[in-house]
There are 4 protein chains.
Amino acid sequence: MARTVDPERHEARRLVIIDAALTRFAADGYERATTAAICREAGISSGTFFHYFPTKLGLLLAILDLGTAETRDWFAAQEGRDDGARVVLDYVEHAAEDFADPRLPGFVRAVGALMGVPEVAHALARDDDAVRSGLTPWVGRAQRAGGVRDDLSAGRLAEWVLAIVDGYVGRLASAPGFDQASEQTMLSDAVRRLMRP
Amino acid sequence: MARTVDPERHEARRLVIIDAALTRFAADGYERATTAAICREAGISSGTFFHYFPTKLGLLLAILDLGTAETRDWFAAQEGRDDGARVVLDYVEHAAEDFADPRLPGFVRAVGALMGVPEVAHALARDDDAVRSGLTPWVGRAQRAGGVRDDLSAGRLAEWVLAIVDGYVGRLASAPGFDQASEQTMLSDAVRRLMRP
Amino acid sequence: MARTVDPERHEARRLVIIDAALTRFAADGYERATTAAICREAGISSGTFFHYFPTKLGLLLAILDLGTAETRDWFAAQEGRDDGARVVLDYVEHAAEDFADPRLPGFVRAVGALMGVPEVAHALARDDDAVRSGLTPWVGRAQRAGGVRDDLSAGRLAEWVLAIVDGYVGRLASAPGFDQASEQTMLSDAVRRLMRP
Amino acid sequence: MARTVDPERHEARRLVIIDAALTRFAADGYERATTAAICREAGISSGTFFHYFPTKLGLLLAILDLGTAETRDWFAAQEGRDDGARVVLDYVEHAAEDFADPRLPGFVRAVGALMGVPEVAHALARDDDAVRSGLTPWVGRAQRAGGVRDDLSAGRLAEWVLAIVDGYVGRLASAPGFDQASEQTMLSDAVRRLMRP
DNA sequence: CATGAATGAGTCTTCATTCAT
DNA sequence: AATGAATGAAGACTCATTCAT
């Protein structure tokens, strides 16, 4: 009797809160996004908030971990492919599509301001590691296959690919006429130019 | 009789506060950098702080304006030059050198989190305008002179140059082995590749 | 049909909760002992807690009433005895033995902090009354039998006997080397000295 | 210029807050005495409260330390006296007079409920030490001078003197007809009886 | 009967800003 | 001009209690 824990409902509600938080963090920044505002956005009470997440920071970290997991999943799904350069470009495209969600740039900026907070720094380092260690082997394979410059180590070249993606994302948020729809092809082009021998 | 306002001393003190704020904002982010911490860093009292700046936000805006003015000055100093492509690359290098101050990436992130605050958004828009309107003519001139791709408008190409600089700056702050000394030549190379016909 | 209320099981569970509460109140004080902690200690859910007790305060009052009833029972069991002084000393010893439960001093302190709450004040007054009205007649009888000082009223002397027991209990909790095993004979001696003519 | 720190005014204000806190802690207990209520009682704002004390607990500890210091001062002032038994009785009387402040018993109870908080436990241990190490030598001297029982060590006898004072203080608070004015002579008598050979 | 997710009032504490000296 | 004590609005978080299952 008394089936009180419905794991599905729990997970669903958790995601509602995460979604609301993404909205508020993106629009207002971490500090200006009050827990009250997040609760309002999610349609829950403050008690419920702290029933699902231990602290406001804990919620942020949960979001970051979600992203890291998503990255790992994406790379895991590429296992067995052959064309390294193609995978790199697919990743770039995949990342760019993530940012079709207009809240993401704002969220990334919100997180950036918290780099001084150790727990955030660690979560970001984990995330960066996931991307880097996912991407580097494909860059290396592309180099060995030829068709990609090899005057840089695979790691350093991967880093620069990420730098360009970062720059693209940053502009998405701050430059008026710069939008995902029209610039995504330029992004692929820019990365191709960077990697050309 | 008593001329109590010594404009030089006033300006010097203002700069001391701005410098202290740059340090704290960069290390802790805008919200976590308390006025008390900035005062401590600057060696002044809170009363003095508000004698020089109307609010904490006012101080931040003053710093941003300083940067915008510096950008305008730099472009004003290029007047009369000929080689557009060279000026663009010089600007990239100049921007990169600014970021030799290790506090700047942190400061940029701190400001990014405040994009939702209208006054900050406007100040950033002014700053962006200064850069864009400074850079675009030189890109256009380079295109007309040949040697630079012209499948994009000058404005859009300038935007992408800035995107790459942004990406470089972002990595500077977040990637462990990515430092200004060793990556600056890669930056120029990446911009050159982007602009190549 | 369904007789769902098994009075014995009900009472047993009630006592489990009371015991758990005694533990938590004693260790943490009334306010710091959360209902959640009491539930954990008792191995029940919060819903069950409030099925057995109307409020957290109600639980505390129930514990106090239990103590009062126990006191009344003890004195009822002395009916018919002769030697008043002996009964007084027996009571002192009995009280001291109660405090062999190491949780009691802490519980008494926890309750002390709630004297400002009317319901607690009343419960304590009832308890004190039970002790006082149980003890005073025996003190009086001892005085009339001689061998006990009679320069004080029986009531006042009883009060002082209780004061010494209280002091003993207080030390039990706060003084390191002061333990029930070694000090109980001193307690009887101190009470005897107090009562000596 | 700018005489901003007036140490006297600072200390005076600190004492006003301490006095207000004593009132509220005594009447309501530690947890139920909100900082807001203490501020109201002291006629200050919440900001001022935290300007003078780091936390609500810090305020409580400050009060305890004040008491410990007072105890040390009292014993320091007895240096050079001769009659140990007289000093012990003077201390008992002195302690009893302290409790002429009707708030003290309530305050002691409020603190008792916090014995589980390490910082409070330590402060109380320090306080107990001050009393014990102040009193024990005088008890010892009285024993050596004769006229005081020596079947107990000086330390243990001192402990029992304190137990009786504690019991007296406890009754002061909880027993209706038990007041300082009429019972203080009984207190001295009780202690004398305890110490008699 | 038993469960535990949900609630929201209430608390401590922080911090930008003011102002008397 | 410079100081720093005082202010109080605002925010994160806790916890007793309710109620649908």
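Protein chains get the first letters and strands the later ones, always in sequence-line order, with residue 1 at the start of each.
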Inset, instruction - Find out whether D:Arg126 and D:Leu64 are in side-chain contact, i.e. whether some heavy atom of one side chain is under 4.5 Å from a heavy atom of the other. - result: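 Heavy-atom side-chain distance check fails, nothing below 4.5 Å.
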
Inset, instruction - Would you indicate whether the side-chain heavy atoms of A:Glu119 and A:Leu114 approach each other to under 4.5 Å? - result: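 The answer is no, as the side chains (C-beta and beyond) never meet within the 4.5 Å cut-off.
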
Between [X] and [N], is there a side-chain N or O to OP1/OP2 distance below 4.0 Å?
X: C:Ser46; N: E:dG4; answer: no
X: D:Thr48; N: F:dA6; answer: no
X: C:Thr35; N: F:dA16; answer: yes

Inset, instruction - Kindly assign one of parallel, tilted or perpendicular to the pair A:Phe25 and A:Tyr30, based on the angle between their ring planes and the thresholds 30° and 60°. - result: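 Ring orientation of A:Phe25 relative to A:Tyr30: tilted.
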
Inset, instruction - Assign D:Ser45 to base, sugar-phosphate, or nothing according to its heavy-atom contacts below 4.0 angstrom with the strands shown. - result: base

Specify the separation, in whole Å, of atom [atom1] of [X] and atom [atom2] of [N].
X: B:His51; N: E:dC19; atom1: NE2; atom2: P; value: 16 Å
X: A:Arg40; N: F:dA12; atom1: CZ; atom2: C1'; value: 14 Å
X: A:Asp28; N: F:dA10; atom1: CG; atom2: P; value: 16 Å
X: A:Arg14; N: E:dA6; atom1: CZ; atom2: C1'; value: 17 Å
X: C:Leu59; N: F:dT17; atom1: CG; atom2: P; value: 11 Å
X: B:Glu11; N: F:dA1; atom1: CD; atom2: C1'; value: 16 Å
X: D:His10; N: F:dT3; atom1: NE2; atom2: C1'; value: 16 Å
X: B:Phe49; N: E:dC15; atom1: CZ; atom2: C1'; value: 12 Å

Inset, instruction - Taking only Lys NZ, Arg NE, NH1 and NH2, and the carboxylate oxygens of Asp or Glu, determine whether C:Arg14 and C:Asp19 approach each other closer than 4.0 Å. - result: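 Salt bridge absent between C:Arg14 and C:Asp19.
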
Shortest side-chain distance from [X], nucleotide among [options]:
X: B:Tyr52; options: E:dA16, E:dG8, F:dA2; result: F:dA2
X: C:Phe50; options: E:dC12, E:dT18, F:dT17; result: F:dT17
X: C:Arg9; options: F:dG11, E:dA2, E:dC12; result: E:dA2
X: A:Arg13; options: F:dA16, E:dA6, E:dA16; result: E:dA6

Inset, instruction - Specify the residue among A:Glu31 and C:Gly47 whose closest nucleotide of DNA chain F lies further upstream toward the 5′ end. - result: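 Nearest nucleotide further toward 5': that of A:Glu31.
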
Inset, instruction - Find which nucleotide of DNA chain E each of B:Thr34 and D:Lys56 is nearest to by heavy atoms, and output the residue with the more 5' nucleotide. - result: D:Lys56

Legend entry - Any strand: nucleotide that pairs with E:dG10 via Watson-Crick or wobble, under 3.5 Å: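 WC or wobble partner is F:dC13.
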
Legend entry - Nucleotide forming a Watson-Crick or wobble pair with F:dT21, both distances under 3.5 Å: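 In the structure as shown, F:dT21 has E:dA2 as its Watson-Crick or wobble partner.
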
Inset, instruction - May I ask you to check whether over 12 heavy atoms, not counting those of B:Glu70, lie within 6.0 Å of atom CD? - result: yes

